[in-house]
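Working notes, structure below.
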Amino acid sequence: MLPPLDHIPPDLASLSDYEAFGRARVAPAAWAYLNAGAGDEWTMRENIAAFARLPLRSRVLRSMREGSTATHLLGLELEAPIMLAPTAYHSLAHSDGESATALAAGATGTCMVVSTQASQPIEDIAASATAPLWFQLYIQPDRAFTRALIQRAEAAGYRALVVTVDAPVNGLRNAEARAGFVLPPQVRPVNLAGMQLPPAEAPSSASLFGTAIIDHAPVWDDIAWLRTQTRLPVIVKGITDPDDARLALECGVDGIIVSNHGGRVLDGVPASIDLLPAVVEAVEGWVPVLMDGGVRRGNDVLRALALGAQAVLIGRPVLHALATAGALGVAHAIRVLRAELELAMALTGCRTIADIGRQCLHLPDAGPVFTGRSALR
Ligand SMILES: Cc1cc2nc3c(=O)[nH]c(=O)nc-3n(C[C@H](O)[C@H](O)[C@H](O)COP(=O)(O)O)c2cc1C
């Protein structure tokens with residue numbers, strides 16, 4: 001295994017370049033955890049492939065004077081509509097763990113969503129952060145423990161709760177199982193210490209139904225309950241269906257993240273970007289809709305915004321960059337993505353984030369229909 005870099009070499013030019021650099025610096029079993037998707041990884045691949053099926057419309061000769069990617073979102077002033085998705089156990093990628101990621105978020109004017117399964121105490125991450133932080137909550141079987149966790153996040157200055165609802169059980173991550181991944185002793189879900197966990201049951205074990213883990217899985221009433229437990233904005237993550245989006249609104253949530261968990265839970269779900277428009281339509285502008293899954297280029301950020309997202313979140317590339325060069329790597333990766341977004345905006349004629357819309361894409365209902373290669377001959 002190679003040590004982390006202390007500089008950024010020129011061949012780290014795009015987010016996907018970080019994958020090979022990260023892989024060379026992480027133990028193979030831990031890499032399988034950090035990078036795997038569920039099942040045959042169709043959804044994971046599709047998250048990326050679907051972006052490429054959305055051709056962009058180039059517009060020319062528009063003034064870009066005073067252009068900006070600045071974004072206002074749920075009380076945050078972000079330099080760009082790009083945030084860091086909650087991902088577990090950053091210490092598997094780099095010994096500086098979540099604190100390094102938070103440092104990079106601060107340096108690049110973005111917001112980090114800290115996972116319930118962070119490998120460092122949420123108070124320590126907040127103490128070392130200059131970025132605004134949101135706390136990602138997995139509602140625990142022990143609701144009193146869940147309430148205490150929310151209170152800790154509030155006391156530590158987290159600015160919103162992101163409640164993840166699409167992973168009541170672990171996905172069937174065959175790649176991880178084949179690699180024989182187990183958490184190394186120095187990496188722990190420290191923020192869950194002291195909780196009475198139901199026995200750990202993988203979905204590959206003989207039976208899921210009837211086990212404590214499924215019997216205590218959260219239901220819609222728990223989202224309504226959560227709303228009564230905090231004054232922080234509550235954002236629900238893992239919505240892919242318009243009917244679920246409407247139910248979330250009925251529970252009083254303040255935001256929705258369209259996400260299939262990076263293809264890590266239910267393999268076979270369509271790409272997040274393909275699911276986004278129906279959710280945006282169902283939400284009717286009542287609350288902001290964000291999305292994650294497969295965002296690897298500034299062009300993808302623009303595509304997601306064109307289809308109604310207010311911001312995107314980045315998962316795996318942050319872990320790859322963290323493994324490659326710690327905080328420096330993460331900050332560089334975010335800057336690369338933002339620079340790509342600026343370029344995409346300039347070349348599609350969008351001076352500000354508010355200018356980005358469906359007109360940026362060759363869609364059947366947005367002006368001239370893209371007729372494919374034959375149109376070029
Ligand atoms: C290693 C790993 C750990 C993750 N841990 C969490 C988590 O603790 N909570 C959560 O809500 N989502 C978690 N996710 C999902 C991400 O928040 C996000 O939805 C997904 O990674 C986005 O897709 P992308 O990796 O293609 O950018 C995790 C994803 C990865 C890759």
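Counting from 1, the numbers follow the sequence of the chain as shown.
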Hey, is the main chain of [Y] close enough, under 3.5 Å, to the side chain of [X] for a donor-acceptor pair?
{"X": "Asp17", "Y": "Ser14", "answer": "yes"}
{"X": "Asn35", "Y": "Trp31", "answer": "no"}
{"X": "Asp274", "Y": "Pro270", "answer": "no"}
{"X": "Gln359", "Y": "Asp355", "answer": "yes"}
{"X": "Glu46", "Y": "Trp42", "answer": "no"}
{"X": "Arg303", "Y": "Leu54", "answer": "yes"}
{"X": "Arg143", "Y": "Gln140", "answer": "yes"}
{"X": "Thr211", "Y": "Ser207", "answer": "no"}

With rounding to the nearest 0.5 angstrom, report the [atom1] to [atom2] distance, [X] to [Y].
{"X": "Leu319", "Y": "Thr101", "atom1": "CG", "atom2": "OG1", "value": "7.5 Å"}
{"X": "Leu290", "Y": "Ile257", "atom1": "CG", "atom2": "CD1", "value": "5.5 Å"}
{"X": "Ile150", "Y": "Leu226", "atom1": "CD1", "atom2": "CG", "value": "5.0 Å"}
{"X": "Arg227", "Y": "Leu161", "atom1": "CZ", "atom2": "CG", "value": "8.0 Å"}

Tell me the closest heavy-atom pair linking [X] and [Y], and the distance in Å.
{"X": "Val113", "Y": "Phe135", "result": "CG1-C, 4.5 Å"}
{"X": "Leu15", "Y": "Val295", "result": "CD2-O, 4.4 Å"}
{"X": "Ala36", "Y": "Ala175", "result": "CB-CB, 4.0 Å"}
{"X": "Ser99", "Y": "Gln120", "result": "OG-OE1, 2.7 Å"}
{"X": "Thr352", "Y": "Met345", "result": "C-CE, 3.4 Å"}
{"X": "Glu340", "Y": "Ala13", "result": "OE2-O, 4.5 Å"}

- Please assess Arg25 against Met1 for the test side-chain contact (heavy atoms from CB on, under 4.5 Å), listing each intermediate value before the final yes or no. CA-CA 5 Å; Arg25 287 166 175 81; Met1 258 160 46; 5.8 Å; no
Tell me whether the count of non-hydrogen atoms from other residues, nucleotides or ligands lying under 6.0 Å of [atom1] in [X] goes above 12.
{"X": "Glu66", "atom1": "CD", "value": "no"}
{"X": "Glu281", "atom1": "CD", "value": "no"}
{"X": "Trp286", "atom1": "CH2", "value": "no"}

Going by atom types only, do [X] and [Y] share a side-chain donor-acceptor pair under 3.5 Å?
{"X": "Asp292", "Y": "Ser259", "value": "yes"}
{"X": "Thr87", "Y": "His90", "value": "yes"}
{"X": "Asp166", "Y": "Asn260", "value": "no"}
{"X": "Arg152", "Y": "Asn191", "value": "yes"}
{"X": "Ser115", "Y": "Gln136", "value": "yes"}
{"X": "Thr108", "Y": "Glu79", "value": "no"}

- What's the verdict on salt bridge (Lys or Arg N to Asp or Glu O under 4.0 Å) for Glu250 and Arg246, showing C-alpha distance, side-chain angles and the deciding distance? CA-CA 6 Å; Glu250 280 173 27; Arg246 286 185 203 98; over 6 Å; no
- Message: Run Arg159 and Glu154 through salt bridge (Lys or Arg N to Asp or Glu O under 4.0 Å) and show every step you take.
- Response: CA-CA 7 Å; Arg159 309 259 292 263; Glu154 288 176 342; over 6 Å; no
- Message: Please evaluate residues Gln117 and Tyr138 with respect to the criterion side-chain contact (heavy atoms from CB on, under 4.5 Å), reporting the C-alpha separation (whole Å), side-chain torsions for both, the decisive distance (0.1 Å), and the verdict.
- Response: CA-CA 9 Å; Gln117 292 178 328; Tyr138 281 124; 4.1 Å; yes
- Query: Can Arg45 and Asp40 be said to form a salt bridge (Lys or Arg N to Asp or Glu O under 4.0 Å), step by step?
  - Reply: CA-CA 9 Å; Arg45 289 190 301 277; Asp40 298 321; over 6 Å; no
